[in-house]
**Q** 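The structure follows.
Lettering of chains follows the sequences in order, A, B, ..., and the numbering in each one begins at 1.
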2 protein chains.
Amino acid sequence: MGDLKLPSLDPTSDRPVFKQIADHLRAAIESKALTPGEKLPSESQLIGHYEVARMTVRHALQILQSEGLTVAQHGKGVFVRPRPPVRRLASDRFARQHREQGKAAFIAETEGVGAKPSVDSITIKEEKPSQDIALRLGLSDADRVVVRARRYLIDGHPVETATSYIPASIARNTRIAEPNSGPGGIYARLEELGHRLDHFTEEIRARMPLRDEARALRLAPGVPVFHLVRTAYDQAGRAVEVCDTVMSSDAYVLSYELPAQ
Amino acid sequence: MGDLKLPSLDPTSDRPVFKQIADHLRAAIESKALTPGEKLPSESQLIGHYEVARMTVRHALQILQSEGLTVAQHGKGVFVRPRPPVRRLASDRFARQHREQGKAAFIAETEGVGAKPSVDSITIKEEKPSQDIALRLGLSDADRVVVRARRYLIDGHPVETATSYIPASIARNTRIAEPNSGPGGIYARLEELGHRLDHFTEEIRARMPLRDEARALRLAPGVPVFHLVRTAYDQAGRAVEVCDTVMSSDAYVLSYELPAQ
DNA sequence: CGGTACGGCTCGTCTAGACGACTAGGTGTC
DNA sequence: GACACCTAGTCGTCTAGACGAGCCGTACCG
């Protein structure tokens, strides 16, 4: 930090001062002159180096933060944002073979890489589905759904929230409507209930998090989320579950395999 | 706009003033009191309503912008960001049946919804691949690749940049190394060259755009991108192409189908 | 009638400062 | 030794202004 060499401003450039400062710092980060976790020069140091007002320096720092490159810590400094280890989600993660060892997909995967998985904030209700959910599940106006919401954590860090919607006609008074859905998770319960799973569809969007999502996932500013909606179909072609998932985008890489025909 | 009712500040709250103002405006947008394309109250109007300094109002507006909710237009005002029509990419989009009508996937899909597709900035080079690309293509140190870069537009709006890497041993001196790769695109050429395609893998990340990407895709602030890396394998199990794609995340929904076994 | 100039509105950049709150380390007291 | 306190350094919030630049409608002039 003390030995970081920052260029001077180019007074002939049309580029505003705060963008030039942001460019310098961004270049330092991208060139690894500043490494993840390392402290950037403090606001006072930048003010001294560039001889500009504090708001100008703060504006530059704010840009980097909104790009997800840095995080500020009150009273300590501004740091290059460390990247969490990435979880790779493969498209066969719901294959029956993975389920039959009695573990839900998330638990099995996470333990597989030596980390401690946990689940919290489990809530279960029965309610009238939104129009979108009703459409995906093929329900009519009078039908109701069991809603299972929960949050997944790895080593205590939240990485994903998920909300499942299952037609009440299937799930009511079963273990699916209990907080602990039992070994293998709700997909195992659905199969026991005679809904042998055939395939899933997944829709993936990416966007900036809503306020609640940023809080629930403890997201740093400038980190987008994956918004994933999965629908499970049984062999009769009936949609038996919709799962709405929000994931921190820098904790995940999604991976799929596509046939060529 | 003139009839938009904004609450007053809560002086008893610990929440900073600029966040309260951002909350009010965000709520107005989310409740559709302000609709996409509509103009927000001007800075002066907000200063008058809340009786705060201009920087405080600007700070609030900047938050909304970094969330991708608004866009500012110099000299005109701040507007609720209109959402572009969404393109849905299905997991069978590279299926042979779609290719055999002689059109590349992008062209066929886009015309299918009545919009005008175009492609520009086509560049072709031959070079030494990066370590990552070499690994994905299973190449050794001396091997080279043909690199095809291009940008896709819909009705003149850029939506996607793509860079394909094909082993030079396959593509050199073929139509793949020509700007116009011919009917059906490079996948059709690869099959003609005896590399009958078997399957693809896709890796999906989401993140904030780099500066160049934001420029090339004309992205509004606060809009993340999908970063998609697709590898094509022929029936001999050989990787024959890697395609590195960056897409505006609000122009796309990615859709996949997963088997249950 | 057509073009130009102007004024008023908008957001963009930048300054100079005040005060608050959090962190960490050192000092002093008990 | 344990604890409270102080202080310097950091970022967070907010004020009050200045000037610039883009957009647009209107009044004026040719």
Side-chain angles (χ1 to χ4, degrees), chain A residues 1-2 4 8-25 34 37-66 69-81 211 214 220-222, chain B residues 1-2 4 8-25 34 37-67 69-81 214 220-222:
Chain A
M1 171 209 71
L4 177 67
S8 300
L9 295 175
D10 174 2
T12 71
S13 165
D14 277 350
R15 195 160 174 79
V17 172
F18 73 91
K19 287 191 184 173
Q20 289 189 48
I21 298 176
D23 290 346
H24 295 170
L25 294 169
L34 290 167
E38 197 173 348
K39 186 174 173 300
L40 272 65
S42 74
E43 292 179 359
S44 339
Q45 287 172 321
L46 291 170
I47 290 167
H49 177 77
Y50 289 111
E51 302 183 296
V52 294
R54 184 171 171 220
M55 290 305 294
T56 305
V57 162
R58 281 185 64 77
H59 197 170
L61 291 171
Q62 195 164 12
I63 288 182
L64 299 180
Q65 182 157 330
S66 79
L69 293 176
T70 60
V71 286
Q73 289 184 43
H74 195 170
K76 298 179 73 173
V78 178
F79 301 83
V80 180
R81 189 166 68 86
R211 274 230 289 136
Chain B
M1 173 209 74
L4 176 66
S8 300
L9 295 175
D10 174 1
T12 71
S13 164
D14 278 350
R15 196 161 174 78
V17 172
F18 74 90
K19 286 191 184 172
Q20 290 189 47
I21 298 177
D23 290 345
H24 295 170
L25 293 169
L34 290 167
E38 197 174 349
K39 185 173 173 304
L40 272 67
S42 73
E43 292 180 0
S44 338
Q45 288 172 320
L46 291 170
I47 290 168
H49 177 78
Y50 289 111
E51 303 182 296
V52 294
R54 182 168 173 225
M55 289 306 293
T56 305
V57 162
R58 282 185 62 77
H59 197 170
L61 291 172
Q62 195 165 11
I63 288 182
L64 299 179
Q65 180 156 331
S66 79
E67 289 172 352
L69 293 175
T70 61
V71 285
Q73 288 183 43
H74 194 169
K76 298 178 74 173
V78 178
F79 301 83
V80 180
R81 190 164 68 86

**Q** Flag the pair R211(A) and D23(B) as a salt bridge only when some basic side-chain nitrogen lies within less than 4.0 angstrom of an acidic carboxylate oxygen.
**A**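 Looking at R211(A) and D23(B), the cut-off is met.
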**Q** Would you mind telling me which of R15(A), Q20(A), E51(A) makes a side-chain contact (heavy atoms from CB on, under 4.5 Å) with L9(A)?
**A**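 Option passing the side-chain contact (heavy atoms from CB on, under 4.5 Å) with L9(A): Q20(A).
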**Q** Taking 5' to 3' order, which nucleotide of DNA chain D is first and which is last to have an atom within less than 4.0 Å of a heavy atom in chain A?
**A**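 Range of nucleotides touched by chain A: dG9(D) to dC14(D).
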**Q** How long is the gap from CG on L34(B) to CG on L40(B), to the nearest 0.5 Å?
**A**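 These two atoms lie 5.0 Å from each other.
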**Q** Determine whether V17(B) and Y50(B) make a side-chain contact, defined as any pair of heavy atoms from C-beta on separated by less than 4.5 Å.
**A**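 Sidechains of Y50(B) and V17(B): no contact.
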**Q** Measure the shortest side-chain to side-chain distance between H59(A) and Q62(B) over non-hydrogen atoms and say whether it is less than 4.5 angstrom.
**A**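 In contact.
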**Q** Look up atom OG1 in T70(A) and atom CD1 in I63(A), then write down how far apart they are to the nearest 0.5 Å.
**A**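 One gets 10.5 Å once the value is rounded to the nearest 0.5 Å.
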**Q** Scan residues 72-81 of chain B against DNA chain C and write down, sorted by residue number, each residue with any heavy atom closer than 4.0 Å; if none is found, say none.
**A**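 Under 4.0 Å from DNA chain C: A72(B), Q73(B), H74(B), G75(B), K76(B), G77(B), V78(B).
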**Q** Would you mind reporting whether P41(B) and H49(B) have side-chain heavy atoms less than 4.5 Å apart?
**A**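 Answer no - side chains too far apart.
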**Q** Got a donor-acceptor contact below 3.5 angstrom from the E43(B) side chain to the R54(B) backbone?
**A**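 Answer holds: no.
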**Q** If you pin E51(A) and R54(A) to their nearest nucleotides in DNA chain C, which one's is more 5'?
**A**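 Final value for this comparison: E51(A).
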**Q** Decide yes or no for L25(A) and L46(A): does some side-chain heavy atom of the first lie under 4.5 Å from some side-chain heavy atom of the second?
**A**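 L25(A) vs L46(A): side chains touch.
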**Q** Is the shortest heavy-atom distance from the side chain of V78(A) to the side chain of L64(A) under 4.5 Å?
**A**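 The answer is no, as the side chains (C-beta and beyond) never meet within the 4.5 Å cut-off.
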**Q** Find the distance M55(A):CE to dG12(C):P and express it as a whole number of Å.
**A**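 The answer, rounded to whole Å, is 14 Å.
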**Q** Tell me which residues in residues 8-23 of chain B put a heavy atom below 4.0 Å from DNA chain D, sorted by number, or none.
**A**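 Listed by number, they are P16(B), V17(B), F18(B).
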